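I have placed the structure first, in the form of structure tokens, so that the comments after it can refer back to it.
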Amino acid sequence: MPELPELETTVQELRDKIVGRKILRVWTDFGKMFRPSFAEFQKVVVGQVIKDVSRRGKNIIIKLDSGHYILVHQKLTGSLLAGAEIKNPYLHLILFLDKGQLALSDLRKFAKVVFLENLEDYPDYKNLGVEPLSREFTLEKFQEILRQTRGKTKKVLMDQNKIAGIGNIYSDEILFEAKISPLCEVKNLKEKEIKILYQAIKKILKKAVVAKGTSVSDYRRPSGKKGNFAKFLKVYQRENESCPRCGAKIKRLKFGGRSAHFCPRCQK
DNA sequence: AATCGTTCCTGATAGC
DNA sequence: TGCTATCAGGAACGAT
């Protein structure tokens with residue numbers, strides 16, 4: 001699923017292809033994914049020139065000539081693809097540009113496309129937490145976030161309103177790197193562990209950005225290529241395999257509606 | 001106010 | 001073989 005490194009890759013690779021392009025026509029077969037409506041979206045978007053592509057948390061933000069925005073959340077299986085002519089059985093949105101196409105592929109149809117006049121008017125956007133690879137995300141900031149939060153460490157890492165961009169794959173990998181159990185209550189983390197966890201967040205996310213993300217299920221880069229991080233995964237989707245650090249059997253545990261993969265021996 | 005359960009969707013897999 | 005049932009999963013939303 002697309003998380004921060006996948007989105008970062010998407011943005012970097014989309015920029016060259018679509019900034020400066022004019023939107024001539026739009027097509028969809030799934031009007032339900034648009035907010036407020038496809039009719040509204042079509043009316044406002046056609047004829048616009050794409051000014052910029054950026055990212056905030058797991059949201060892709062496309063800025064238009066008019067100063068308005070298209071916000072795309074890819075959820076579980078969405079991918080933004082760009083090229084001369086996109087072919088794929090799961091396309092649900094195509095923007096026909098003056099050169100090439102921009103398309104949204106989404107097997108499970110959970111993705112959302114929102115048209116906004118002003119980003120700050122959108123509470124789901126405004127409430128997003130700190131960007132973990134930004135300068136704002138200092139150790140002090142992380143300590144402050146943890147002081148204000150209760151619950152299990154994995155859940156807090158994945159809370160978009162605390163830290164934006166981390167999902168199931170990278171929370172598992174970060175916790176393994178830091179040797180902390182996903183079930184560990186935040187209030188029980190020692191100062192030293194908080195520092196190690198902070199460093200692990202930066203390290204794993206940076207490494208995954210360099211590798212251009214993880215294509216463990218449906219994620220694809222805008223060119224249709226896969227990301228390269230899957231081969232670096234230590235615990236995610238490795239249930240019953242041996243821990244690469246201590247050799248114990250990796251466990252998978254469901255809690256709070258999601259699954260955590262971890263080594264029961266070396267993650268405390 | 002914070003937390004919990006439900007919902008959206010479809011391909012893969014298990015069970016018969 | 002071919003059918004049906006179950007499951008995964010981000011986050012908005014409604015309920016408590």
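All values derive from a computational prediction rather than experimental measurement. Naming convention: chains lettered A, B, ... in sequence-line order (proteins, then strands); numbering from 1 in each chain.
Nucleic acid contact for A:L76: base, since at least one base atom lies under 4.0 Å from a heavy atom of the residue. A:T77 comes within contact range of no nucleotide atom at all, as no heavy-atom separation falls under 4.0 Å. Across all strands shown, A:D106 has no heavy atoms under 4.0 Å from either base or sugar-phosphate atoms. Backbone-only contact: A:K32 has heavy atoms under 4.0 Å from sugar-phosphate atoms and none from a base.
A donor-acceptor pair shorter than 3.5 Å can be found between the side chains of A:H92 and A:D29.
The shortest distance between the side-chain N/O atoms of A:Q160 and the OP1/OP2 oxygens of C:dA11 is below 4.0 Å. Within the 4.0 Å cut-off from OP1 or OP2 of C:dA11, at least one side-chain nitrogen or oxygen of A:K58 is found. Checking the phosphate oxygens (OP1, OP2) of C:dA8, a side-chain nitrogen or oxygen of A:R252 falls inside 4.0 Å.
One N or O on the side chain of A:Y219 and one on the backbone of A:E6 form a donor-acceptor pair closer than 3.5 Å.
Put simply, the side chain of A:R108 and the base of C:dA8 share a donor and an acceptor less than 3.5 Å apart.
Between A:Y198 and A:F142, the ring planes are tilted. Angles from 30° to 60° get that label.
Checking C:dA11, C:dG9, B:dT10 against every side-chain atom of A:L107, the shortest atom distance belongs to B:dT10.
Heavy-atom nearest nucleotides on DNA chain C were determined for A:R35 and for A:E3, and the one closer to the 5' end corresponds to A:E3.
The only option from A:K152, A:K155, A:K154 that meets the salt bridge (Lys or Arg N to Asp or Glu O under 4.0 Å) definition with A:E185 turns out to be A:K152.
Taking the 5.5 Å centre cut-off and the 30° plane limit, the aromatic side chain of A:F110 is not classed as stacked on B:dC9.
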